[in-house]
Amino acid sequence: MRYLITTALAYTNGPLHLGHARSTYIPADIMYKYLKLRGEEVIHVGGTDNHGVPITLTAEKEGKNPEEIVEKYHNEIKEDLDLLGVEFDAFGKTHSQIHIETAQEFYLKLKENGYIYEKEIEQFYCPNCKKFLPDRYVEGICPYCGGEARGDHCEVCGRHLEPFELKEPYCVICKGKPEIRKTKHYFFKLSALKDELEEYIKNAEEMPEHVKNMALNWIKELHDWDISRDISWGVPIPGTNQVMYVWLEAPIGYISFTKMLGDVWKKYWLEKDTKIYHFIGKDITVHHAVFWPGMLIAHGSFNLPTAVISGGYLTLEGRKMSTSKKWVVWVKDFVKNFDADYLRYYLVMSAPLFKDCDFSFDDFKNKINNELINIIGNFTHRVLTFTHRKFKKVPIVDEGRLKEEDKELLKKCEETIKAVDKNIRSFKFRDALVNILHLAIEGNSYFQKMEPWAVKDEERLKEILYTCCKTVKTLIYLLYPYMPKKSLALLELMNEELDLNLRGNELKKPKIIFKKIDDKKIEEMKKKLYENRKEEKGGKEMEQIDISYLEKIDLRVGEVIEAEDIPKSKKLLKLIVDLGDEKRQIVSGIKGYYKPEDLVGKKVIVVCNLKPAKLCGVLSEGMILAAEDDEGNLALLTVDKDIKAGSKVR
RNA sequence: AGCGGGGUAGGGUAGCCAGGUCCAUCCCGCCGGGCUCAUAACCCGGAGAUCGGAGGUUCAAAUCCUCCCCCCGCUACCA
């Protein structure tokens, strides 16, 4: 059996953060290193995704051309991966000759097989920017709920919108008004592949259950896929002046980058007996479990994915990560202060891969110091120092002569090896690491029971320490995929090879391999993170305004006279507010903070001259003011003592 | 709104698909004791859980069914 491991192509408009590391790269690298360690034929292929409009936008913002942006972030991303200890056999770019050719050949084959057709469609065109605008680059008002909508999707009510349903559309680049123009687009007949996809998914034995469920659900309603874009940055569609939609060409990168290795690529993509594992983040599960296999089926020659391993999301200190709000920890900043192997350990240990989990600095410190170091670090260290002091080398004894309790620990080693194998091969990286931790606990317990420090009989002492060293060697071997650097450092002290044998070699002078995490560094990192957040929100950064600006806002006191829930919304309540001379209906996003009945009678501050809008289909003629803190607590603004409804606020 | 995942002791997590072996696993934390080879580390023992809520099926439910609540994500260009 041959294994091809791929990791999601990183998008070259920013470096990697801890979320990328946890959901995709670290698990994949563990799988890769493990299979390699077991002597399997395995390669890891990855790279960066360089096309699509966001790159051109970033380029414009930074006053550079797209190639420069791509180059910059491609290199940064690769450096981040190196820092994490993630290894690749091939790491490519989608903006490269080999990929562009491969993607075009792929496309032509789809066409030849009858899966591509042309259709004239109408699309937004921005006369100002002189370009057609892909969906996401037009914003406007949702015709159903009056909320803000982007392209074909309303952010507020979540409806899918037909093109041009959008009211008051504007171009996100120049804010100008786009016009509608006709253009010829190419479509991929995804809908024709329903039966084949269903059969594929149902028979994909190693595909995780939740991925299967999602995929099967998705194919119930498959749309054909508009795969052309009227922009210039991308893989040109042969014979046109358009480029391919990135989700058509990017996954082909898995093939193109394998080609970087020469003819062996054929073994992985064309010959049977290959397992293909795609490691991705959960947001792109459908692309990998439905669209990509659909493309491969339509193409007809390549192996299909054996499994799509979709990693859960990582929150930071209990809150959603956000690069724009600077609520993020970048890989390169993290590894400046802490060992990458500690990160690998922590991110795997925190939760099973498919689940979301949280990264917190305090928890990181606790888990590393109290679990990894106290249990595993301490066991390996006490065994090596003690053995070194007594014998200077690993004593080799005849295993047949060992006592029951020795044999029991050695048996536990064997069992752990088996359990780890089973768990890693079924993507249960955390479970396997727990198996390893348990072996170290058993080791400590054995050491304690045997009391080698009190054993006078040298032969017996050799037996005990042989058993301990064998256990340490097993730990080093099994830990290698998780913590390669630490594992190799221990191996160095043992003067050993990366396998399960003991050679009786002379031990190097022991030193501490697993150093505890420094509180100061934790505090530094936390401080930096929280300060970023303050800066972002802080008043200093805001532009100063003239008092006349304030006069433009009509603020008045209003009394809530009716309040009811808007059932189909997540956050909205409908309020009727008395403003003295009139009553107004106002929709407010405070569901969950206030019960409708508690609001009635409250005096609130209302922005009266706000442009009316429909939210979730309900008209809102104003806005009530509320304060919100870091923890997401919300409080309505009200008046200090009773005052007439309709009073002006100034 | 639809879909996917999740809600189990202070935190994390196993068990759930194939109901009894579960007065519920493991790791951290907490409490008590022991040890001294070891990074104030280690070992032994203990306390701590209405298994999100309400019904139902069953001799038997954390596990199956129904309804509800809460958290996260996706919905086609953010791991």
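Order of the sequence lines sets the chain letters (A, B, ...), proteins ahead of strands, with each chain counted from 1.
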Partners meeting salt bridge (charged side-chain N to carboxylate O under 4.0 Å, His left out) with [X] (sequence neighbours left out):
| X | result |
| --- | --- |
| Lys119(A) | none |
| Asp29(A) | Lys33(A), Arg344(A) |
| Asp230(A) | none |
| Asp519(A) | Lys365(A) |

Tabulate protein N/O versus nucleotide N/O from nucleotides 12-15 of chain B, keeping only pairs under 3.5 Å, one per line.
{"unit_1": "rG12(B)", "atom_1": "O2'", "unit_2": "Ser350(A)", "atom_2": "O", "d": "2.7"}
{"unit_1": "rU13(B)", "atom_1": "O2'", "unit_2": "Arg430(A)", "atom_2": "NH1", "d": "3.2"}

Hunt down the Watson-Crick or G-U wobble partner of [N], both distances under 3.5 Å, from any strand shown, or write none.
| N | result |
| --- | --- |
| rG20(B) | rC59(B) |
| rA41(B) | none |
| rA76(B) | none |
| rG10(B) | rC28(B) |

When rounded to the nearest Å, what value does the distance between [atom1] atoms of [N] and [M] take?
| N | M | atom1 | answer |
| --- | --- | --- | --- |
| rC17(B) | rC64(B) | P | 5 Å |
| rU50(B) | rU25(B) | P | 15 Å |
| rU58(B) | rC65(B) | C1' | 12 Å |
| rA9(B) | rA24(B) | C1' | 11 Å |
| rC22(B) | rG15(B) | C1' | 9 Å |
| rC37(B) | rA47(B) | P | 32 Å |
| rA40(B) | rG29(B) | P | 14 Å |
| rC31(B) | rG10(B) | C1' | 14 Å |

Check your understanding: Between Lys390(A) and Glu458(A), is there a side-chain N and carboxylate O pair less than 4.0 Å apart?
Key ->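 No, Lys390(A) and Glu458(A) are not salt-bridged.
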
Check your understanding: Is any side-chain N of the basic residue among Arg460(A) and Asp406(A) closer than 4.0 Å to the acidic one's carboxylate O?
Key ->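 Asp406(A) and Arg460(A): salt-bridged.
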
Check your understanding: Do side-chain atoms of Glu317(A) reach the backbone of Phe361(A) as a donor and acceptor pair under 3.5 angstrom?
Key ->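 Yes; judged by distance alone, with no hydrogens or angles, the pair exists.
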
Picking from [options], which would you name as closest to the side chain of [X]?
| X | options | value |
| --- | --- | --- |
| Asn444(A) | rA76(B), rU39(B), rC43(B) | rC43(B) |
| Phe386(A) | rU39(B), rG5(B), rC37(B) | rC37(B) |
| His381(A) | rG4(B), rA38(B), rA41(B) | rA38(B) |
| Gln448(A) | rG73(B), rG34(B), rA76(B) | rG34(B) |
| Tyr313(A) | rU36(B), rC74(B), rC26(B) | rC74(B) |
| Asn374(A) | rA76(B), rC42(B), rC37(B) | rC42(B) |

Exercise for review: With sequence neighbours left out, write down each residue that passes side chain to side chain contact (heavy atoms under 4.5 Å, CB included) with Asp339(A), or none if nothing qualifies.
Suggested key: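 Side chain to side chain contact (heavy atoms under 4.5 Å, CB included) list for Asp339(A), sorted by chain: Asp341(A), Tyr342(A), Lys485(A), Lys486(A).
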
Check your understanding: Taking N and O atoms by type only, does the side chain of Glu451(A) place a donor or acceptor under 3.5 Å from a partner on the base of rC37(B)?
Key ->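 Side chain to base: no pair below 3.5 Å.
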
Review point. In terms of the nearest nucleotide of RNA chain B, which residue is placed more toward the 5' end: Asn213(A) or Arg389(A)?
Key: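 Final value for this comparison: Asn213(A).
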
Review point. More 5' along RNA chain B: Pro452(A) or Val434(A), using each one's nearest nucleotide?
Key: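 Its nearest nucleotide lies further toward 5', so the answer is Val434(A).
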
**Study point:** Ser445(A) side-chain N/O to rC42(B) phosphate OP1/OP2 under 4.0 Å
**Key:**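 No, no such contact exists.
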
Exercise for review: Compare the aromatic ring of Trp453(A) with the six-membered base ring of rC37(B) and state whether they stack according to the 5.5 Å and 30° rule.
Suggested key: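 Check passed, Trp453(A) stacks on base of rC37(B).
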
Using a 4.0 Å heavy-atom cut-off across all strands, classify [X] as base, sugar-phosphate, or nothing.
| X | answer |
| --- | --- |
| Ile284(A) | sugar-phosphate |
| Phe291(A) | base |
| Tyr25(A) | nothing |

Exercise for review: Tell me, yes or no, whether the heavy-atom count around Lys393(A) atom NZ, taken from other residues, nucleotides or ligands under 6.0 Å, exceeds 12.
Suggested key: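 No - once you tally the heavy atoms of other residues, nucleotides and ligands closer than 6.0 Å, there are 12 at most.
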
